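A quick write-up on the structure given underneath.
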Amino acid sequence: PPTEQNEYLQAINVAGVSLLNLINDILDLSKIESNQMDFATSRTDFKALCQDIALIFHHRLDEKGLTLSISEAADFPWVYVDARSLRQILLNLVGNAVKFTQHGGITIDYHFTPSNDSQGTLVIKVSDTGIGIPKYKQRKIFDPFVQDSTIRGSRTEANGTGLGLPIVKRLVERMGGNLTLTSERGLGSCFAIELPQVAFSRRQP
Ligand code: ADP
């Protein structure tokens, strides 16, 4: 019957997408670990990058009735970063925030503090009002393949590979920065990225 065929097709599609994600994540992680990942810094409009991310998650956010607010720092300069990696980092962090939040919303907050005329520190925070991460799990989730055991293999929307955060952490570290997590079970989580010595130039008014 057509309805049954449809269900099978959907199942094949879901399995295909999951496998593709898993393969891509494993490839990314091995590339980073074997130092084969190329980092190329270029002049980046960070505000536009955040807007892209908002666009990508627009539909999912609407479906879940969640808000995404991007708190822009005034007078934010051009920053010279590896935009591809930063995009991947934000996709993972915002993706998780959307996945593990049922009420409220997600905030991307960023600011730049110059340390001299040409360089400064870029701080980006992705916060959510989701389920939070208990203290005992907070270190483990940065190890590859660690997921909530109730999630793996279940058919909820929260399926994933357990590789997102290890990739994010390694990317941030390879960019010379660090990633910190503060989270309270039931209240939400905040992932903060600090990238020191980022070159910048002032934007013309
Ligand atoms: P995946 O999302 O594929 O499961 P990740 O490495 O991105 O893998 O995340 C690992 C685990 O960390 C998740 O399965 C979840 O238990 C927890 N986690 C990550 N981000 C959040 C978040 N924003 N809120 C609550 N739990 C989170």
Side-chain angles (χ1 to χ4, degrees), residues 13-33 37 49-50 53-54 56-71 84-110 123-175 177-194:
N13 191 34
V14 168
V17 170
S18 305
L19 276 174
L20 187 64
N21 286 338
L22 183 61
I23 292 168
N24 282 333
D25 280 355
I26 292 172
L27 283 175
D28 279 345
L29 194 64
S30 1
K31 259 196 203 162
I32 302 169
E33 303 234 298
M37 195 79 140
L49 201 146
C50 288
I53 303 286
I56 290 168
F57 289 103
H58 180 74
H59 186 63
R60 291 272 310 283
L61 289 159
D62 263 8
E63 267 178 358
K64 294 187 76 169
L66 299 172
T67 56
L68 171 65
S69 64
I70 302 175
S71 78
R84 188 183 160 273
S85 300
L86 258 192
R87 194 183 157 87
Q88 191 178 8
I89 289 167
L90 285 176
L91 280 174
N92 271 305
L93 293 182
V94 176
N96 276 344
V98 177
K99 200 156 52 166
F100 297 107
T101 303
Q102 303 305 336
H103 308 284
I106 291 103
T107 309
I108 305 175
D109 178 24
Y110 58 91
V123 174
I124 309 157
K125 291 181 184 167
V126 177
S127 324
D128 65 59
T129 55
I131 58 172
I133 302 163
K135 289 273 176 300
Y136 76 93
K137 258 178 58 179
Q138 288 185 12
R139 198 136 25 113
K140 281 196 284 188
I141 54 172
F142 296 103
D143 292 336
F145 299 111
V146 173
Q147 288 182 307
D148 199 322
S149 54
T150 54
I151 287 168
R152 182 176 282 285
S154 69
R155 285 182 174 271
T156 64
E157 60 149 344
N159 55 13
T161 59
L163 290 174
L165 288 178
I167 289 173
V168 168
K169 189 169 170 61
R170 283 159 179 76
L171 279 177
V172 171
E173 286 170 357
R174 283 289 150 88
M175 292 166 93
N178 64 65
L179 174 71
T180 49
L181 163 66
T182 40
S183 184
E184 205 67 58
R185 197 179 203 156
L187 292 180
S189 310
C190 174
F191 289 85
I193 297 157
E194 190 180 299

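Both ligands and their constituent atoms are indexed starting at 1 by order of listing. Heads up: numbering here begins at 1 and tracks the sequence. Here the structure is a predicted model, which is why all the values come from computation and not from measurement.
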Contacting atoms of ligand 1, where contact means under 4.0 angstrom from a heavy atom of [X]:
X: K99; result: 1 (P), 2 (O), 3 (O)
X: L165; result: 5 (P), 6 (O), 7 (O), 9 (O), 12 (O), 19 (C)
X: S189; result: 24 (N)
X: K137; result: 16 (O)
X: L163; result: 6 (O), 8 (O)
X: I131; result: 25 (C)

Residue R84 excluded, over 12 heavy atoms near CZ under 6.0 Å:
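Incorrect, the count does not exceed 12.
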
Can you tell if the side chain of [X] reaches within under 4.5 Å of the side chain of [Y], non-hydrogen atoms only?
X: I124; Y: F191; answer: no
X: L93; Y: L165; answer: yes
X: D28; Y: Q88; answer: yes

Can you tell me if R170 uses its side chain to pair, donor with acceptor, with the backbone of P166 under 3.5 Å?
yes

Heavy-atom distances under 4.0 Å are what count here, so tell me which part of [X] touches ligand 1: side chain, backbone, both or neither.
X: L93; value: neither
X: I133; value: side chain
X: N92; value: neither

Among G162, G164, S183, closest by heavy atom to atom 1 (P) of ligand 1 is G162

Could a heavy atom of [X] be found less than 4.0 Å from some atom of ligand 1?
X: P166; value: yes
X: G130; value: no
X: G132; value: yes

So if I apply the side-chain contact (heavy atoms from CB on, under 4.5 Å) rule between I89 and each of V94, V126, V168, which one comes out positive?
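Per the side-chain contact (heavy atoms from CB on, under 4.5 Å) rule, the option paired with I89 is V168, out of V94, V126, V168.
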
Least distance between heavy atoms, C190 atom then S127 atom:
SG-OG, 3.6 Å

Taking every non-hydrogen atom, the tightest pair across R87 and I56
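Here R87 and I56 meet closest at NH2-CD1, 3.7 Å.
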
As an exercise, state the distance from CG of D25 to CD1 of I167, rounded to the nearest 0.5 Å.
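The CG atom of D25 sits 4.0 Å away from the CD1 atom of I167.
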
